[in-house]
Amino acid sequence: MDTLVKKFLEKVASRDPHEPEFLQSVQEVAETIIPFIEENPKYKKARILERMVEPERVLMFRVPWLNDQNEVEVNRGFRVQMNSAIGPYKGGLRFHPSVNLSILKFLAFEQVFKNSLTGLPMGGGKGGSDFDPKGKSDSEIMKFCQSFMTELYRHVGADIDVPAGDIGVGGREVGYLFGQYKRIKGQFTGVLTGKGTSWGGSVIRPEATGYGVVYFAESMLGTRGESLEGKTVLVSGSGNVAQYTVERCIQAGAKVVTMSDSSGFIYEPQGIDADRLAFVMELKNEKRGRISEYAEKFGCEFFEGERPWKIKCDIAFPNATQNELDEEDARALVGNGCICVAEGANMPSTPEAIHVFTEAKILYAPGKASNAGGVAVSGLEMSQNSLRISWSREEVNSKLWQIMKEIHGICVKYGAEEDGYINYEKGANIGGFVKVAEAMLAQGVV
Ligand code: NAP
């Protein structure tokens, strides 16, 4: 089996040798999917996995815009349309200086499995730009978003490809992108999700990824007769996903002791309470400041340039970015008695870190399962747009909770091992794969 996996990965690597993040995400899938394909030759004959690692389409374009000094700036825009077997392409847009084709292909590839797991009819895609929103004025953000959409509009649409937010793209950016699409097309459609609630957005969409990852962790803990009540929690990041993870943890009676950004982490031993979380939300969403300002304001410790994983905890939510938790961090977590790691970010744990978690048989959920709540509520936003109605908070939240519970069930179905350990990564990969593979078989060689 190892030889088959190795041969497959060598072939992908020979085609995309300069795409380390994409190859990492393919490896994580191939290791569990290839043995499954060997047991199910119909997928092998139709070369489903070989087709799935090849995007249906990759768009790359120039994004020129004028800064506040009236100087010309040039960025690069992307949209990776990975797989449309089960629905229109769906996945976020990331604006961050690190964005390149490798990162977007890994995100688009993961998105295919994640969207399939939600049970909703959504294919997988991802896009973005190497544009850095940090330090830019509102007017510069608007001009950039308008220029970006002036090219992207040709390739997206409510039944074609429906982008949403991701790192660096929140409600403000979605607004500017939507405005420009509507202006060019002359149509008010559900072309983006994460819209404002007064113009087609769904309630609970901002909360969805953060709440969803906590709901998933609660299901995982439930398999061991545990709950969040009284647990000490580490959260990394302080953006959208991190903020609502903390909110839901507080509601569930857990004590969240860390949050971070790319400059370091704050450590609040008595726990971040609702008032202090409100400060973080204002700091990050309105003032666009640094997490170190939290430490200055409340007099707690700030660890510059460090990640929070060496702090003792019961549960960890890596919610910032890819590869933010390595083998050494994983050993520190396990050594300190951590029993559960649920990923809010996409691929935050390195393969070596995942190995440490599964060897130690602690509860570990990959982002493609545990952070699917965001895209799930995006799918519900698409449904509401098509029906031209809006559901209540209670309705959307209970659908989100149900979807996360069902994803957990799929992971258990395909991931339970002989000794009773649930390999959530295996479960998520196989569970996500089957639905897409069946659709691809039915639709022929396309
Ligand atoms: P966000 O609101 O832009 O927040 C990102 C957070 O991560 C910020 O605290 C940021 O710090 C930190 N960060 C970004 N790049 C970093 C780096 N290279 N090193 C250390 N910290 C870094 O984005 P988000 O929507 O919360 O997304 C966070 C993660 O969740 C991403 O992996 C994303 O793909 C994933 N995700 C998001 C959604 C969603 O609905 N938004 C859904 C599923 C998965 P700075 O402020 O210093 O940059």
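Atoms within each ligand, like the ligands themselves, are counted from 1 in listed order. Here the structure is a predicted model, which means the values were calculated and not measured. Both backbone and side-chain heavy atoms feed into the values below; hydrogens, waters and symmetry mates do not.
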Carboxylate-amine/guanidinium contact Glu324 Arg307, below 4.0 Å: no
If the plane angle is over 60° it's perpendicular, under 30° parallel, otherwise tilted; pick one for Phe109 and Phe22. perpendicular
Can you tell whether the side chains of Lys136 and Asp68 come within less than 4.0 Å, N to carboxylate O? no
Are any of the side-chain nitrogens in Lys310 or Glu328 under 4.0 Å away from the carboxylate oxygens of its partner? yes
With a 4.0 Å cut-off on N to O distance, would you call Asp166 and Arg94 a salt bridge? yes
Expected rows: ligand 1 N/O, protein N/O, dist below 3.5 Å:
from     : atom 1 : to     : atom 2 : distance (Å)
ligand 1 : 2 (O)  : Asn240 : N      : 2.9
ligand 1 : 3 (O)  : Gly168 : N      : 3.0
ligand 1 : 9 (O)  : Ser238 : N      : 2.9
ligand 1 : 9 (O)  : Ser238 : OG     : 3.3
ligand 1 : 11 (O) : Ser262 : N      : 3.4
ligand 1 : 26 (O) : Asn240 : N      : 3.2
ligand 1 : 26 (O) : Val241 : N      : 3.0
ligand 1 : 30 (O) : Gly344 : O      : 3.4
ligand 1 : 32 (O) : Asn346 : N      : 3.2
ligand 1 : 34 (O) : Arg94  : NH2    : 2.9
ligand 1 : 34 (O) : Asp166 : OD1    : 2.6
ligand 1 : 34 (O) : Asp166 : OD2    : 3.4
ligand 1 : 34 (O) : Asn346 : ND2    : 2.8
ligand 1 : 40 (O) : Arg205 : NH1    : 3.4
ligand 1 : 40 (O) : Arg205 : NH2    : 3.0
ligand 1 : 40 (O) : Thr209 : OG1    : 2.7
ligand 1 : 47 (O) : Ser262 : N      : 2.9
ligand 1 : 47 (O) : Ser262 : OG     : 2.4
ligand 1 : 47 (O) : Arg290 : NH1    : 3.3
ligand 1 : 47 (O) : Arg290 : NH2    : 2.8
ligand 1 : 48 (O) : Lys134 : NZ     : 2.9

With a 4.0 Å cut-off on N to O distance, would you call Glu73 and Lys143 a salt bridge? no
